[in-house]
J.: 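My questions will all concern the structure given below.
It should be emphasised that the depicted structure is a prediction, and the values quoted were computed from it without experimental measurement. Along the sequence shown, residues carry numbers from 1.
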Amino acid sequence: MTRSMADHALGRALAQVRAWFHRAHSEPGDLGRVRSAPPVLRPLAAAVVAVITAMLVIAAALLSAWQGINNDLERRVEDAARHTALNLAQVSKEMAEVRIEDCSPESRELLARQSFASTMVRQFFVEFPEGEVCSPLGPVFQNWPSRHVTEPTLFRSDRLGGLVLRQPHPQGVAVALISPRQIVDRLGENTDATFALRAPGGWTMVDHKTPSPQTGMEGTIVSRPVPGWPFAAEAILEVGMLRDHIGARAGIWISLWVLAFIVAISGANALLALRSSRRRRLQVALRKRRFVPVVQPIVDSATGACVGVEVLMRWKHPVRGLIAPVEFIDFAERSGLIVPMSDLVMRLARDQLAEIATLHPGLYFSFNVTPAQLRRSDFCDEMLAIFDGDPIGPARVLVELTERDLIDEQVRTRLDRLRASGFRIAIDDFGTGQSSLALLQNLAIDRLKIDREFVRTIGPDADRHPVLDAIVGLSHSLRIPMIAEGIETPAQRDYLVAQGVQTLQGYLFARPMAPLEFGLWLAERANNAPAAPVQQPLNDIMQAIRSAPGLLANRMYHLRRYPTCLVGSELTSWLAQSLGIPRSKAVRIGQRIVARGWLVHVAEEHDFEDGPYFCRIVSQQTQDDSLANANAQVPEPAQVLGWLKGPRGVSPGSRANGLLMYRGAVNGHEIVQALTRCADLSQERAFAAARRLLRSGLLRHVNDDCGFEDSRQRLYTFT
């Protein structure tokens, strides 16, 4: 009954720990989303691991307990040996103080007083050269062990009942009869062991508690020599006593190990949950530099010429491709990761758009700034460090921020410093916040961006647009140029042009694209006259790097081999010498090559730097044509998801993968079989549909780091 109650209490405690952990790692804003539970250790596997661990724990506990008892016994015997040596030294000192010349009553009285005063000696004797032995009770003549003494000698006397210590005396030999209990009994204080004094000649003096070790006792024996004396202190702990001591100590160790095992299991589940959390996935993507810029052109409403671009952020997932910000930007802002993510995207955009900025000096570049960035005290310094004029300077950067970010006085102070440094300021999503006219006048805004929600109201069936017209009228009255975003139809474009909106942005002109594609888009339109060509194009520099002798070599670092690598400092020196430029300029060229994707850090975790950083050359990434062909032959992801969640689809549940158990998961084979059953698709088309579903974000791997496979070992969850 007691054991069952303890098991029940332990189970409830584990459940509370697991529930607390899930609450601690829950993410705000997820109440309206379907999220799979984090994985836990598989019960059967956990039981096997628990049994094996328990056996190892018991063995380790027993070994540790035995070792602890043995060490404790050795320590006690060593202390006993030192204590015995000190006691004998005290007796020898007391013997040297015996001063009698004969066995007169006065001498015997003196021996008696010295014997009573000593705590170690039962009686003092003096052996005179003539053979007479004087004791406190009178002369002793019979059966006295007479010998010639030149140094202190200790031996056992059964007739006298103890240890006899003899040492030279001015009148002969001083003899001390030592009480065995005063020595041996003190050796075994506060212990269950049997202590003894054992001499090389074979005599043994044992404490009064137990029989002599010579009587066949079994147990652990520890012996240590007494310093300065020809015998040893010895202790023996019987088997029964040893078993009791080991059991008591092992119980404590086993309890501690069981607690440690419970903590380890909880920690393992915590790590698994942390691994599957969005925060960790964003942190890994940030460390791997997987947040990349895409640009959307901004065109002049009168001429249609491209006058600028808005730089947007995308997550370059290794499996799903480019992921839109709607999936991660809100959580990134709440968690504070948006600051380093934005810094990374700004630097990549600066380097990837460097050639375009040189060829088209009239373009400006717009970047969205979040409240977390504005709250940084070094925000202005960081912006100036990123846009240092090579070739994009502050005058070509438009900083976009929403109306709700303009309330703080510190924010307005930083914006004033930005404008003083040459940056231009735009209010994004104007009309959706709480800004006042006085605020707009005091901030000296350079641009107002009309939100797409107001543009969307323009249509063939809508005759009036009061809010949109009011925003346009306000902008005209304040003489602030406007940018209308979200233009998707010619009717929207024509209406805004008629209202005098200066610049337009939307899918009608171009979708967001990679910087390299934007350069081709500009070349096709040929609306802007290109400037003088760059003296050293990056592709020519890259070709020279590939053929340069000695730059590419096999490297070793921490016993790991990196084939065909470049070292940042060596490449910087080569660029500076070959191009005749400063090292700082050479580093910037290396950063542009990395931004183009031609050169990456071996771990994809660092930008190009002038230091001992290994980089590898990669080929330019191409589009996945096979996936595009598969996408053209399979239904849309939403329809595929409907089939899988239908009555004949798959039923997410607990699925095991090795030692782990995932709840709310399905395996790849189940998905393919369900699609062939529900939608009458072939195996190839079902696989392509599932693969497209994964890239769309409606399906993801449990760890979000693997592609789709028709396998029972690959587990996926619906999002």
Side-chain angles (χ1 to χ4, degrees), residues 293-314 325 342 345-346 349-350 352-369 387 391-402 422-432 445-456 458 468 471-472 475-476 479-490 492-531:
V294 296
V295 297
Q296 188 174 26
I298 301 174
V299 300
D300 185 87
S301 60
T303 63
C306 181
V307 295
V309 294
E310 181 181 4
V311 179
L312 306 171
M313 181 187 298
R314 294 291 185 270
S342 298
V345 170
M346 286 183 181
R350 175 201 64 190
Q352 293 180 5
L353 296 169
E355 290 181 305
I356 297 175
T358 303
L359 293 172
H360 304 277
L363 287 178
Y364 68 85
F365 304 90
S366 176
F367 294 89
N368 290 283
V369 174
F387 302 106
I392 302 177
R396 303 182 65 178
V397 176
L398 180 66
V399 178
E400 296 186 13
L401 59 156
T402 59
F423 293 94
R424 290 182 288 176
I425 309 298
I427 296 182
D428 194 10
D429 301 335
F430 184 74
T432 61
I445 300 299
D446 298 288
R447 295 285 191 279
L448 285 180
K449 294 197 72 173
I450 303 175
D451 187 71
R452 66 182 69 247
E453 295 298 329
F454 303 120
V455 175
R456 195 170 297 165
I458 303 174
L468 177 60
I471 294 174
V472 173
S475 179
H476 284 313
R479 297 182 180 180
I480 300 177
M482 291 171 286
I483 304 174
E485 58 182 354
I487 313 300
E488 298 181 358
T489 64
Q492 295 172 346
R493 176 197 58 195
D494 297 340
Y495 183 84
L496 293 170
V497 171
Q499 293 295 319
V501 177
Q502 294 85 353
T503 50
L504 308 175
Q505 176 185 352
Y507 286 177
L508 180 64
F509 309 103
R511 290 177 174 269
M513 63 189 79
L516 182 61
E517 297 176 2
F518 174 63
L520 300 176
W521 182 85
L522 279 177
E524 291 176 358
R525 294 173 65 90
N527 288 329
N528 296 324

J.: When rounded to the nearest 0.5 angstrom, what is the spacing between CD in Glu485 and OG in Ser366?
T.: 9.5 Å
J.: Go through the steps for Phe365 and Phe387 under the test side chain to side chain contact (heavy atoms under 4.5 Å, CB included), then give the verdict.
T.: CA-CA 11 Å; Phe365 304 90; Phe387 302 106; over 6 Å; no
J.: Output a table of donor-acceptor pairs, distance under 3.5 Å, between side-chain atoms of residues 506-518 and any protein atom two or more places apart or on a different chain; print 'none' if there are none.
T.:
none

J.: Quick check: closest heavy atoms across Val309 and Pro297, and the distance to 0.1 Å?
T.: CG1-CA, 4.1 Å
J.: Would Asp428 and Ile483 count as a side chain to side chain contact (heavy atoms under 4.5 Å, CB included) if you check the C-alpha gap in whole Å, the side-chain angles of each, and the deciding distance to 0.1 Å?
T.: CA-CA 9 Å; Asp428 194 10; Ile483 304 174; over 6 Å; no
J.: Got a sec, which residues hit side-chain hydrogen bond (donor to acceptor under 3.5 Å, both in side chains) with Arg456, two or more places apart in sequence or on another chain?
T.: Glu453
J.: What residues, two or more places apart in sequence or in another chain, satisfy side chain to side chain contact (heavy atoms under 4.5 Å, CB included) together with Ala349?
T.: Pro293, Val311, Leu353, Phe367
J.: Sequence neighbours left out, what pairs pass salt bridge (charged side-chain N to carboxylate O under 4.0 Å, His left out) with at least one residue falling in residues 298-311?
T.: Glu310-Lys449
J.: Look up atom CD in Glu355 and atom NE2 in His360, then write down how far apart they are to the nearest 0.5 Å.
T.: 10.5 Å
J.: Arg493 side chain to Leu504 main-chain N or O, any donor-acceptor pair under 3.5 Å?
T.: no
J.: Could I get the full list of salt bridge (Lys or Arg N to Asp or Glu O under 4.0 Å) partners for Asp494, not counting sequence neighbours?
T.: none
J.: Mind checking side-chain hydrogen bond (donor to acceptor under 3.5 Å, both in side chains) for Arg447 and listing every partner two or more places apart, or none if nothing turns up?
T.: none
J.: Which heavy atom of Leu363 sits nearest to which heavy atom of Leu522, and what is that distance?
T.: CD1-CD1, 3.9 Å
J.: Show the nearest heavy-atom pair for residues Val455 and Gly486, with the distance to one decimal.
T.: CG1-O, 3.9 Å
J.: Which of these, Ile450, Leu468, Val472, Ile458, sits in a side-chain contact (heavy atoms from CB on, under 4.5 Å) with Gln499?
T.: Val472
J.: Residues in side chain to side chain contact (heavy atoms under 4.5 Å, CB included) with Gln502, at least two apart?
T.: His476, Pro481, Met482
J.: Check side-chain hydrogen bond (donor to acceptor under 3.5 Å, both in side chains) between Ser342 and all other residues, then give those that pass, not counting sequence neighbours.
T.: Gln373
J.: In Å, rounded to the nearest 0.5 Å, how long is the span from CZ of Phe454 to CD of Gln492?
T.: 14.0 Å
J.: Closest heavy-atom contact between Ile487 and Ala484?
T.: CG1-O, 3.8 Å
J.: Please name the pair of heavy atoms, one in Ile425 and one in Ile445, separated by the smallest distance, quoted to 0.1 Å.
T.: O-CG2, 3.7 Å
J.: I'd like to know if the side chain of Thr358 and the backbone of Ala354 have a donor-acceptor N/O pair within less than 3.5 Å.
T.: yes
J.: Can a donor-acceptor pair be found, under 3.5 Å and without considering hydrogens, that links the side chain of Thr503 to the backbone of Ile298?
T.: no
